[in-house]
Amino acid sequence: MTDLHADLLGADPRTLTFHIDEPQISEDGQKVELPFRVTGPSDEVSFVETVTLPSIDDPRPVDDAFRALTRLLALAAGTSYYKAFVPSVISVASGLNPAERVFLAEVVTGGLAEFAYRNDLPDALFPTIEAPELAAPPSAPAVAPTHDRALVAVGGGKDSIVTLEAVRRVADVRLFSVNSYEPITRTAEASGLPIDTARRSIDPLLFALNDAGAHNGHVPVTAINSIIACLTALRGGQDTVVFANEASSSYGNLQWHGVEVNHQWSKGIGYEELLRSQVSPYGVDYVSFLRPLTELAIIRRFASLGYLDVFTSCNRAFHLEESRRRNWCGECPKCAFVFLMLSPFVPQTQMDSIFGKDLFADELLRPLFLDLLAIGDGHKPFECVGEPSECRAAYTLLQDHPDWSAHPFVVDPELKVAVVSPAEVEALFSFSDEHFLTGELEKAARAVL
Ligand SMILES: CC(=O)N[C@H]1[C@@H](OP(=O)(O)OP(=O)(O)OC[C@H]2O[C@@H](n3ccc(=O)[nH]c3=O)[C@H](O)[C@@H]2O)O[C@H](CO)[C@@H](O)[C@@H]1O[C@H](C)C(=O)N[C@@H](C)C(=O)N[C@@H](CCC(=O)O)C(=O)O
Ligand SMILES: Nc1ncnc2c1ncn2[C@@H]1O[C@H](COP(=O)(O)OP(=O)(O)OP(=O)(O)O)[C@@H](O)[C@H]1O
């Protein structure tokens, strides 16, 4: 630990203010700088996060819509810096319109709930927002989105692969990523589709402050990535931004101080609705393609698409520092979850070559499998994993599977409670009504089943 900004790090949050200052946009709109400050009685610290949008031919000029989405990005990206000090006041001196005020409050409460729970900082979720009131944004455009040209966000995992393969059948698709990671590059190459990559650089001072003992924890990264995608679409003249968030991401991990704690909050339908309401007035349709589908249905489709050698769903492939990245770690809840969900649909020999080991045989992973199957007293892990009902259905499918039915994990008497009826398994291959898809996009999503 160092004494870097020790006065601020040790201060009572009630004496601190977090400032979201006016974003700076380069003349051509490609580079956006997001300044933040924390002020206290005797010290002040400043941060700048930088986002460089993809280089594209003939970008649209910076206009009011672009400026509005840049301001929205600042509200979401500010969570990384706010969390380090949890000031009791968030100040936006340039003002907020009513919708932006709601967005900021929700992105802090929902997006930082896991962080606050794990650090036992309930007050961090309800800062006082001080900002002059601005007029409401323009009403929705007269022209509905065509969905002809879609920007499809890729995370290098199964969900975005199912999505890009389905959407390319009904729209002219460009892929999109924030920063570059091997699974994303491999996916783009395997698809043969062009990819636009934005660069997001967190102020390195934040890492130094983390080392000096600042509060740290999870942030709503999809909230940040989705707004960067909307800015990219606006600049490139695309009216549709497609993410690949599935039904189960809307379900939280636990309740705490009257708040639902959901690791995947900004992948959930509540956030989708919130962002849609913010960007639709500017002619951008933000939609999640897999919203009506369960993980089980998505993975069944994924297994047939020919991407088994390129994808990675383990989050340890996505550390900011390259030296910390691993392909499949074989230790985390996400690896355990994907192993369980994929095993009914992929031959065991191929599972071995993807994961490098039999995760069902690893005793260290047993508690994780018990949590995933909701056996025992743990809660749903803080990771991008599906619902117990989905895990139980996958486990049930293994009971009669030629590769797995004799496996000690599958015949384990303690786990038999997780076996469900054929009707419960079948129910997971249905299309839910909870989604914002329309027209050809909805038809393409139904075809995933
Ligand atoms: C890769 C990963 O899982 N990271 C989580 C991890 O952070 P860690 O310190 O181990 O590594 P880095 O991600 O490289 O972060 C270094 C530091 O930077 C801070 N930071 C990072 C990104 C950011 O936007 N803001 C930041 O302040 C971070 O706090 C580190 O100090 O543990 C962190 C604490 O729990 C997590 O917040 C890191 O998660 C990343 C933000 C991340 O990108 N995670 C996604 C892989 C992820 O979890 N996706 C969710 C989506 C949830 C959502 O609502 O968006 C999912 O797959 O379900
Ligand atoms: N770096 C990124 N840049 C842009 N979009 C991303 C990025 N990472 C994830 N996404 C988007 O967010 C969605 C959710 O991320 P998530 O990591 O859950 O998905 P995934 O990688 O497609 O699948 P998996 O569940 O197998 O990890 C992705 O499907 C993709 O649409």
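- Although no hydrogens or angles enter the test, the distance criterion places no donor-acceptor pair under 3.5 Å between the side chain of Arg392 and the main chain of Ala418.
- Judged as a salt bridge (Lys or Arg N to Asp or Glu O under 4.0 Å), the pairs with a partner in residues 155-167 (not counting sequence neighbours) are, in order, Lys158-Glu295, Glu165-Arg168.
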Assess whether salt bridge (charged side-chain N to carboxylate O under 4.0 Å, His left out) is satisfied between Arg149 and Asp239, documenting all intermediate values.
CA-CA 7 Å; Arg149 297 176 62 219; Asp239 66 7; over 6 Å; no
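- Between Phe409 and Tyr395, the gap from one ring centroid to the other is short of 6.0 Å.
- Shown here for Leu437 and Val287, the closest heavy-atom pair between the two residues is CD2-CG2, 3.6 Å.
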Give the intermediate values and the outcome of salt bridge (charged side-chain N to carboxylate O under 4.0 Å, His left out) for residues Glu434 and Arg291.
CA-CA 7 Å; Glu434 290 201 0; Arg291 183 68 65 208; over 6 Å; no
When you look at Tyr117 and Asn253, which way does the side chain to side chain contact (heavy atoms under 4.5 Å, CB included) test go after all the steps?
CA-CA 11 Å; Tyr117 167 77; Asn253 305 84; over 6 Å; no
Walk me through it: do Phe360 and Phe369 pass the test ring-ring contact (aromatic ring centres under 6.0 Å, His included)?
CA-CA 8 Å; Phe360 291 150; Phe369 283 118; 5.4 Å; yes
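- A donor-acceptor pair under 3.5 Å links the side-chain atoms of Ser266 to the main chain of Ala223, judged by distance alone.
- Summarising the geometry, atom CE belonging to Met351 is positioned 9.0 Å from atom CG belonging to Leu308; distances are rounded to the nearest 0.5 Å.
- Judged by distance alone, with hydrogens and angles left aside, the side-chain atoms of Thr52 form no donor-acceptor pair with the main-chain N or O of Lys31 at under 3.5 Å.
- Looking only at side-chain heavy atoms (C-beta outward), Gln348 and His401 stay at 4.5 Å or farther from each other.
- More than 12 non-hydrogen atoms from other residues, nucleotides or ligands lie less than 6.0 angstrom from CD of Gln399.
- Not a single donor-acceptor pair under 3.5 Å links the side chain of Thr163 to the backbone N or O of Phe289.
- Looking only at distances, no side-chain donor or acceptor of Arg37 sits under 3.5 Å from a matching main-chain atom of Glu44.
- Taking OG1 of Thr232 as the start and CZ of Arg235 as the end, the distance is 8.0 Å to the nearest 0.5 Å.
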Chi angles and distances behind the side chain to side chain contact (heavy atoms under 4.5 Å, CB included) call for Leu274, Val102:
CA-CA 9 Å; Leu274 188 66; Val102 169; 4.3 Å; yes
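- Aromatic pair Phe18/Phe36: ring centres closer than 6.0 Å.
- Checked by atom type and distance alone, the side chain of Asn262 never pairs as donor or acceptor with a backbone atom of Gly110 at under 3.5 Å.
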Stepwise side chain to side chain contact (heavy atoms under 4.5 Å, CB included) check, Met341 with Leu397:
CA-CA 10 Å; Met341 300 300 290; Leu397 290 173; over 6 Å; no
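- Between the side chain of His319 and the backbone N or O of Glu321 there is no donor-acceptor pair closer than 3.5 Å.
- Remark: Arg300 is positioned above the aromatic ring of Phe429, its terminal NZ or CZ atom under 6.0 angstrom from the ring centre and at most 45 degrees off the axis.
- At least one donor-acceptor pair closer than 3.5 Å links the side chain of Trp404 to the backbone N or O of Ser343.
- None of Phe176, Tyr271, Tyr286 except one satisfies the ring pair (Phe, Tyr, Trp, His ring centres under 6.0 Å) rule with Phe243; the exception is Tyr286.
- Thr349 is not listed as a side-chain neighbour of Asp403, based on a closest heavy-atom distance of 4.5 Å or more.
- Residues forming a side-chain contact (heavy atoms from CB on, under 4.5 Å) with Arg67 (at least two apart in sequence, or on another chain): Ile25, Val62, Asp64.
- Judged purely by atom type and a 3.5 angstrom limit, Ser177 has no side-chain atom pairing as donor or acceptor with the backbone of Ser180.
- Annotation for Tyr251: atom OH does not count as buried by contact number, only 12 or fewer foreign heavy atoms lying within 6.0 Å.
- Nearest heavy-atom pair, Thr294 versus Glu390, reported as atom, atom and distance to 0.1 Å: CB-OE2, 3.2 Å.
- In this structure a side-chain-to-backbone donor-acceptor pair under 3.5 Å is present from Ser160 to Gly155.
- For Asp148, the side-chain contact (heavy atoms from CB on, under 4.5 Å) partners two or more places apart in sequence, or in a different chain, are Thr146.
- At most 12 heavy atoms of other shown residues, nucleotides or ligands fall within 6.0 angstrom of atom CD in Glu182.
- A pairwise comparison of heavy atoms in Asp285 and Pro145 identifies CB-CG, 3.6 Å as the closest pair.
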Show the numbers, then the answer: is there a side chain to side chain contact (heavy atoms under 4.5 Å, CB included) between Phe355 and Val338?
CA-CA 10 Å; Phe355 290 89; Val338 178; 4.1 Å; yes
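- Counting only heavy atoms from C-beta outward, the side chains of Phe318 and Asn179 never approach each other to under 4.5 Å.
- Separating the NE2 atom in His435 from the CG atom in Leu290 is a distance of 12.5 Å, to the nearest 0.5 Å.
- Arg169 CZ: 12 or fewer foreign heavy atoms inside a 6.0 Å radius.
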